[in-house]
Visitor: 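Sharing a structure, written as structure tokens. Questions coming.
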Amino acid sequence: MSIRHGLLALLERGPRYGSQLRTEFESRTGSTWPLNVGQVYTTLGRLERDGLVVQDDEDDQGHALYAITDDGRAELRNWFETPVDRSSPPRDELAIKLAMAVGAPGVDIRAVIQSQRRHTLKAMQDYTRLKAQSLASAPSNRDEVAWLLVLEQMIFQAEAEARWLDHCETRLVRLAEAAATEPEPEVSTPGRATSRTARARSRR
């Protein structure tokens, strides 16, 4: 998630102060990724340093207002036009957990998968309920539509995760079945090796 570009997008609608930006950001994303004012002002400071925003006087209550610059608009246009890079995906805790659980002593990886599946399905049900509530009120403004898009992305992501967990469990079952049908390797002992050698010599 790019807080930097999210703030630029909000500032393109007009000058804003820090807590106002936080409120609008959370409204647009349904508070899925909550911000604190410190994050907002830290990001604004970096944007100002990079020449993408400037302080634009104060409002009637004395709040310092920030405005986007032409360079900021160019940066925002480039962000909108450039695909999100998926060649270096962020670390996924669940994928790392399952990768490390494979073969780990004392870990029942199928129990780990089943526990996660229950959690994922519950989250998906919660998101679906929120979507139904959102649709029932007929989204009419951009913040409501934006929140619906974010919510649907989370539903699709949870569905994909549930399918992946099913796949992981199926693969583990197949591996376990294959391992059970493999013949155990013959273990040679010094005595058996000696007797085989003796029999081979007696045939010569």
Side-chain angles (χ1 to χ4, degrees), residues 1-95 119-162 164:
M1 177 194 60
S2 177
I3 298 174
R4 173 186 178 94
H5 293 99
L7 297 185
L8 285 176
L10 294 173
L11 287 172
E12 193 175 34
R13 297 166 58 185
R16 301 282 193 280
Y17 55 87
S19 59
Q20 186 178 15
L21 286 167
R22 181 191 65 175
T23 299
E24 292 187 13
F25 184 95
E26 292 184 351
S27 176
R28 186 69 65 88
T29 60
S31 297
T32 304
W33 302 286
L35 299 178
N36 61 56
V37 173
Q39 281 179 288
V40 172
Y41 278 107
T42 297
T43 304
L44 287 172
R46 291 170 181 161
L47 290 171
E48 187 175 19
R49 176 200 63 194
D50 296 339
L52 304 181
V53 305
V54 293
Q55 289 198 38
D56 186 43
D57 206 0
E58 296 181 347
D59 65 4
D60 295 339
Q61 287 75 41
H63 299 120
L65 297 173
Y66 290 82
I68 191 169
T69 64
D70 288 341
D71 286 344
R73 290 189 179 88
E75 171 76 13
L76 184 61
R77 294 277 81 74
N78 182 64
W79 182 59
F80 282 136
E81 294 168 3
T82 303
V84 174
D85 185 13
R86 299 299 188 192
S87 60
S88 299
R91 294 183 182 90
D92 185 278
E93 183 179 356
L94 178 57
H119 176 81
T120 300
L121 292 177
K122 183 181 182 305
M124 187 166 61
Q125 291 167 357
D126 291 342
Y127 298 152
T128 303
R129 184 168 57 254
L130 288 173
K131 177 183 175 181
Q133 293 171 356
S134 178
L135 291 174
S137 62
S140 57
N141 61 58
R142 58 182 147 196
D143 285 350
E144 291 175 352
V145 173
W147 161 230
L148 184 60
L149 292 177
V150 171
L151 189 55
E152 288 174 331
Q153 189 272 344
M154 292 191 295
I155 292 172
F156 292 144
Q157 191 173 49
E159 289 175 345
E161 184 171 281
W164 177 67

Visitor: Is there a side-chain contact between R46 and R49 (heavy atoms, below 4.5 Å)?
Guide: yes
Visitor: Stepwise, does the side-chain contact (heavy atoms from CB on, under 4.5 Å) test hold for R16 with Y66?
Guide: CA-CA 5 Å; R16 301 282 193 280; Y66 290 82; over 6 Å; no
Visitor: Please answer whether the main-chain N or O of R73 pairs with a side-chain N or O of E12 as donor and acceptor at a distance below 3.5 Å.
Guide: no
Visitor: Look at atom CZ of R86 and say whether more than 12 heavy atoms of other residues, nucleotides or ligands are closer to it than 6.0 Å.
Guide: no
Visitor: Any donor-acceptor pair under 3.5 Å linking the side chain of T82 with the backbone of N78?
Guide: yes
Visitor: Determine the minimum heavy-atom distance between D92 and A95, stating which atoms define it.
Guide: OD1-N, 2.9 Å
Visitor: If you look at every heavy atom in Q20 and P15, which pair is closest and at what distance?
Guide: OE1-O, 4.5 Å
Visitor: Determine whether E58 and L65 make a side-chain contact, defined as any pair of heavy atoms from C-beta on separated by less than 4.5 Å.
Guide: no
Visitor: Please report the shortest heavy-atom distance between A146 and R28, naming the atom on each side.
Guide: CB-CD, 3.1 Å
Visitor: Whether the side chain of N141 engages the backbone of D143 through a donor-acceptor N/O pair (distance < 3.5 Å, no angle test) should be reported.
Guide: yes
Visitor: Given 3.5 Å as the limit, does a donor-acceptor pair link the side chain of Y41 with the main chain of G18, or not?
Guide: yes
Visitor: Return the CD1 to CG distance between I68 and L47, rounded to the nearest 0.5 Å.
Guide: 8.5 Å
Visitor: Just jot down the side-chain contact (heavy atoms from CB on, under 4.5 Å) partners of E81, sequence neighbours excluded, or say none.
Guide: R77
Visitor: Considering residues, nucleotides and ligands other than N36, do more than 12 of their heavy atoms fall under 6.0 Å from its CG?
Guide: yes
Visitor: If you look at every heavy atom in L121 and A162, which pair is closest and at what distance?
Guide: CD2-CB, 4.0 Å
Visitor: Residues in side-chain contact (heavy atoms from CB on, under 4.5 Å) with S19, at least two apart?
Guide: Y17, V37
Visitor: Would you say S134 and E144 make side-chain contact, with heavy atoms under 4.5 Å?
Guide: no
Visitor: Just so I know, are the side chains of L44 and V40 near enough to count as touching, which here means a heavy-atom distance under 4.5 Å?
Guide: yes
Visitor: Evaluate D50 against R4 for salt bridge (charged side-chain N to carboxylate O under 4.0 Å, His left out), listing each step before the verdict.
Guide: CA-CA 11 Å; D50 296 339; R4 173 186 178 94; 3.2 Å; yes
Visitor: Can you find a pair of side-chain heavy atoms, one from E24 and one from L7, that are under 4.5 Å apart?
Guide: no
Visitor: Just verifying a value: how many Å separate E26 CD and W33 CH2, rounded to the nearest 0.5 Å?
Guide: 12.0 Å
Visitor: Establish, from distance only, whether the side-chain atoms of D85 and S87 form a donor-acceptor pair under 3.5 Å.
Guide: yes
Visitor: Look up atom CZ in F156 and atom CG in L151, then write down how far apart they are to the nearest 0.5 Å.
Guide: 10.0 Å
Visitor: Check V150 against T29 and note the closest heavy-atom contact, atom names and distance.
Guide: CG1-O, 4.0 Å
Visitor: Drop me the distance from Y127's OH to K122's NZ, to the nearest 0.5 angstrom.
Guide: 10.0 Å
Visitor: Measure the CD-OG1 distance between E161 and T120 for me, rounded to the nearest 0.5 Å.
Guide: 3.5 Å
Visitor: Examine distances only and state if a side-chain atom of T69 and a backbone atom of G51 form a donor-acceptor pair shorter than 3.5 Å.
Guide: yes
Visitor: Of the non-hydrogen atoms in A158 and M124, which two are nearest, and what is the gap between them?
Guide: CB-CB, 3.8 Å
Visitor: CD1 of I3 to CG of L8: how many Å apart, nearest 0.5 Å?
Guide: 12.0 Å
Visitor: Tell me, do M154 and T32 make a side-chain contact under 4.5 Å, heavy atoms counted?
Guide: yes
Visitor: Hey, does R22 have a side-chain heavy atom less than 4.5 Å from the side chain of Q39?
Guide: no
Visitor: Is there side-chain contact between F25 and L10, with at least one heavy-atom pair below 4.5 Å?
Guide: yes
Visitor: Could I get the full list of side-chain contact (heavy atoms from CB on, under 4.5 Å) partners for R129, not counting sequence neighbours?
Guide: D126, Q133
